[in-house]
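Quick note: numbers below take in every heavy atom, side chains included, and nothing from hydrogens, waters or symmetry partners.
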Amino acid sequence: MFDIKLIRNEAQAFDTALGRRGLEPQSANLLTLDNKRRQTVAELNEAQEKRNAVSKQIGQAKAQGDEVKAQELMAQVSELKAQVQQGEESEREQTLALNDILATLPNILSAEVPDGDNENDNVEIARFGEPKTFKFKAKEHFILGEDLGEMDFETAAKIAGSRFVVLKGQTARLERALGQYMLDFQTQENGFTEVVPPLLLRSEALFGTGQLPKFADDAFETTDGRWLLPTSEVPLTNLVRETMLNEKELPLRFSALTPCFRSEAGSAGRDTAGMIRQHQFNKVEMVAITTPQNSQAEHERMLNSAKMVLENLELPYRVMLLCSGDTGYSMTKTYDLEVWLPGQNAYREISSVSLAGDWQARRMNARYRDENGKPQFVHTLNGSGLAVGRALVAVIENYQQEDGSIAIPKILQPYMGGQKIINKIS
RNA sequence: GGAGAGGUGGCCGAGUGGUCGAAGGCGCACGCUUGGAAAGCGUGUAGGCAAGCAAUUGUCUCCAGGGUUCGAAUCCCUGUCUCUCCGCCA
């Protein structure tokens, strides 16, 4: 959501910024609506001022028992009433029309974001580890999982449909171990406060973070008008909606391990095999609420919090700075972490760490008082730390052995009761 | 699910049609006092929008949205949330 004042002052820059998102210039249309609205407001205010003044006199006349004068004044003011009502109605309509457009415009990209059309134009900015080489042909995770008898897509399809999986036994435990470890790491080492949020959410919350109104098709709506969370970014960021924070309490850092639900409406045919793209997956999310001055540094800090998970799991990865065409609608700047998957012989996204600036804060009305006591919108950030389902894929593929067993990363062994390897149990 | 009571500023709380954007208190800020602090005293202390270089002025906002009225924190309707009792329930 944008401040119309910003558009008023920097119409050209605004249109240029939207142009980077491939959008037509909007400012002319918006400013026409804005001018009309301001005119209406000015006229309305004037009518209200007159009405209020006379109404006050009526009150005084009544107080003095001067009924005649009161009647006279009431007659005088009656036509103003219609004017005020009409003005209020116009203002309502015009504000709605303006906000409808403002609510569907994407965030402005940071200057550091490179131009580009799609993920092929993302820029690699760092790399950790080397893709592992195997003496045998590396398999994909779903082959390994099915051979172990602990990853069952067929049964999942029977009870839930496509894009679901049933995990069992040691693999199920490994999934849980990954989630526990990641959440512990973010809360114990990186200063995030653990949160257990609601998984069903109101429309307002999804509007706040930007999933609504434009991306309703990507999430599941319940029969009572709520939404299954597509990511815990939504509840965690909305924790501060409609609040006035003190600068002293910032930054706030939240983390949660939750299932996420996505309809994957637009991705028919993509990643249909295996666990890469599911309707339901677990994710450890990080959210930070901070000041405009500190948000850039917070972004780097959060990126580091995500990177360290992969490094501690000893998984090779690279850091990508997303280009203009691939950066999410709500974000000014996004880093993706891509983990190496030997089975796919490719780097695949496992974390996305983004800075939203004040774009979400405006939609949520989340503010803080600065040192001068003036209310300001906070800056919000979110990142995966990490996607658990994809981390499971990465561990299985990177730690696979020739005989189909899976070694367990050192850092996870305490979470697996000391177990060091997953073998087929016949 | 049924019945009832409520939602007022950063917080608590008064206020049932007019001079109420709102008493009082707490908190906070500044000043006085003090060797320094506490206490005490004094002053100040909501946000949005519009106009203005500014001081300022107007307007809107007492959960949200509509409505009644010359005039609404106060009356009516709808929604929402909280609390109490009953029912159901992991």
Side-chain angles (χ1 to χ4, degrees), chain A residues 1-9 30-103 196-208 212-213 222-227 235 238-250 252 289 291 358 361-378:
Chain A
M1 192 78 143
F2 290 106
D3 187 356
I4 187 70
K5 278 186 279 190
L6 180 141
I7 301 168
R8 239 180 258 157
N9 296 335
L30 286 168
L31 291 180
T32 306
L33 289 170
D34 179 47
N35 282 332
K36 231 165 53 184
R37 195 188 140 268
R38 278 200 288 169
Q39 172 116 30
T40 303
V41 168
E43 285 165 8
L44 173 62
N45 279 2
E46 202 178 317
Q48 285 167 327
E49 185 181 352
K50 280 190 213 153
R51 182 202 65 189
N52 289 349
V54 180
S55 288
K56 213 167 247 185
Q57 288 176 38
I58 294 171
Q60 283 162 355
K62 290 227 176 192
Q64 288 160 12
D66 191 344
E67 200 53 42
V68 179
K69 189 174 170 200
Q71 288 299 330
E72 227 175 75
L73 289 164
M74 274 155 86
Q76 215 182 91
V77 83
S78 65
E79 79 182 58
L80 277 173
K81 191 193 167 184
Q83 231 181 72
V84 168
Q85 260 172 350
Q86 206 176 45
E88 281 174 345
E89 198 175 319
S90 309
E91 194 214 336
R92 221 176 287 147
E93 281 167 13
Q94 289 166 3
T95 303
L96 218 67
L98 189 62
N99 284 346
D100 273 356
I101 300 176
L102 289 175
V196 178
L199 308 183
L200 288 174
L201 302 165
R202 293 175 168 285
S203 300
E204 288 85 343
L206 278 87
F207 179 87
L212 291 180
T222 64
T223 52
D224 67 351
R226 278 178 252 255
W227 300 82
N238 275 280
L239 288 177
V240 296
R241 71 176 291 117
E242 292 158 49
T243 55
M244 182 72 76
L245 300 157
N246 282 319
E247 185 161 0
K248 277 178 255 167
E249 14 178 0
L250 299 176
L252 293 170
I289 313 294
T291 61
D358 66 3
R362 288 181 185 281
R363 296 167 81 94
M364 298 188 300
N365 196 22
R367 295 176 296 172
Y368 74 98
R369 275 187 204 283
D370 66 18
E371 60 219 348
N372 303 316
K374 272 210 65 142
Q376 309 282 355
F377 288 108
V378 297

### Message
Closest-nucleotide mapping onto RNA chain B: is A/Arg367 or A/Asn45 further toward the 5' terminus? I mean the 5' end.
### Response
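With A/Arg367 and A/Asn45 compared, the 5'-side residue is A/Arg367.
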
### Nearest-nucleotide 5' precedence on RNA chain B, A/Lys56 against A/Val41
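It is A/Lys56 whose nearest nucleotide is closer to the 5' end.
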
Partner nucleotide of [N] by Watson-Crick or wobble geometry (both distances under 3.5 Å):
N: B/G17; value: none
N: B/G1; value: B/C86
N: B/G65; value: B/C77
N: B/G71; value: none
N: B/G24; value: B/C12
N: B/C41; value: B/G31
N: B/G58; value: B/C49

### Query
Looking only at heavy atoms, which two atoms of A/Phe377 and A/Asn365 are closest? And how far apart?
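So the two residues come closest at CE2-OD1, 3.9 Å.
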
### Query
Under a criterion of less than 4.0 angstrom to any heavy atom of chain A, what are the 5'-terminal and 3'-terminal contacting nucleotides of RNA chain B?
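Listing 5' to 3', RNA chain B meets chain A from B/G10 to B/C81.
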
Suppose you measure atom [atom1] in [N] against the same atom in [M]; what distance do you get, rounded to whole Å?
N: B/U84; M: B/G18; atom1: C1'; answer: 36 Å
N: B/G25; M: B/A14; atom1: C1'; answer: 11 Å
N: B/G65; M: B/C70; atom1: C1'; answer: 24 Å
N: B/A64; M: B/A73; atom1: C1'; answer: 15 Å
N: B/C11; M: B/G79; atom1: P; answer: 27 Å
N: B/A22; M: B/G44; atom1: P; answer: 13 Å
N: B/C12; M: B/G27; atom1: P; answer: 15 Å
N: B/A46; M: B/G9; atom1: C1'; answer: 6 Å

### Query
Taking only residues two or more places apart in sequence, or in another chain, which ones meet A/Thr222 in a side-chain hydrogen bond (donor to acceptor under 3.5 Å, both in side chains)?
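Once residues adjacent in sequence are excluded, the partners of A/Thr222 under the side-chain hydrogen bond (donor to acceptor under 3.5 Å, both in side chains) criterion are A/Asp224.
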
Check every strand shown and say whether [X] touches a base, only sugar-phosphate, or nothing at a heavy-atom separation below 4.0 Å.
X: A/Lys5; result: sugar-phosphate
X: A/Asn52; result: sugar-phosphate
X: A/Arg226; result: nothing
X: A/Gln85; result: sugar-phosphate
X: A/Ile58; result: base

Donor-acceptor contacts, no H, no angles, side chain residues 86-93 of chain A, under 3.5 Å, sequence neighbours left out:
{"residue": "A/Ser90", "atom": "OG", "partner": "A/Gln86", "partner atom": "O", "Å": "3.0"}

Distance-only check: which donor-acceptor pairs under 3.5 Å involve side-chain atoms of residues 30-46 of chain A, not counting sequence neighbours?
{"residue": "A/Thr32", "atom": "OG1", "partner": "A/Ala28", "partner atom": "O", "Å": "2.8"}
{"residue": "A/Asp34", "atom": "OD1", "partner": "A/Arg8", "partner atom": "NH2", "Å": "3.3"}
{"residue": "A/Asp34", "atom": "OD2", "partner": "A/Arg8", "partner atom": "NE", "Å": "2.7"}
{"residue": "A/Asp34", "atom": "OD2", "partner": "A/Arg8", "partner atom": "NH2", "Å": "3.3"}
{"residue": "A/Asn35", "atom": "OD1", "partner": "A/Arg38", "partner atom": "NH2", "Å": "3.2"}
{"residue": "A/Asn35", "atom": "ND2", "partner": "A/Leu31", "partner atom": "O", "Å": "3.2"}
{"residue": "A/Arg37", "atom": "NE", "partner": "A/Thr95", "partner atom": "OG1", "Å": "3.0"}
{"residue": "A/Gln39", "atom": "NE2", "partner": "A/Glu43", "partner atom": "OE2", "Å": "3.3"}
{"residue": "A/Thr40", "atom": "OG1", "partner": "A/Lys36", "partner atom": "O", "Å": "2.9"}
{"residue": "A/Thr40", "atom": "OG1", "partner": "A/Gln94", "partner atom": "OE1", "Å": "2.7"}
{"residue": "A/Thr40", "atom": "OG1", "partner": "A/Gln94", "partner atom": "NE2", "Å": "3.3"}

List, one per line, each side-chain donor-acceptor pair under 3.5 Å for residues 67-75 of chain A, sequence neighbours excluded.
{"residue": "A/Glu67", "atom": "OE2", "partner": "A/Gln71", "partner atom": "NE2", "Å": "3.4"}

#### Entry: salt bridge (Lys or Arg N to Asp or Glu O under 4.0 Å) partners of A/Arg367, counting only residues at least two apart
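Checked A/Arg367 against salt bridge (Lys or Arg N to Asp or Glu O under 4.0 Å); zero matches.
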
### Query
Does any non-hydrogen side-chain atom of A/Phe2 lie less than 4.5 Å from one of A/Arg362?
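No; the side chains remain at least 4.5 Å from each other.
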
### Stepwise side chain to side chain contact (heavy atoms under 4.5 Å, CB included) check, A/Gln376 with A/Thr291
CA-CA 9 Å; A/Gln376 309 282 355; A/Thr291 61; over 6 Å; no

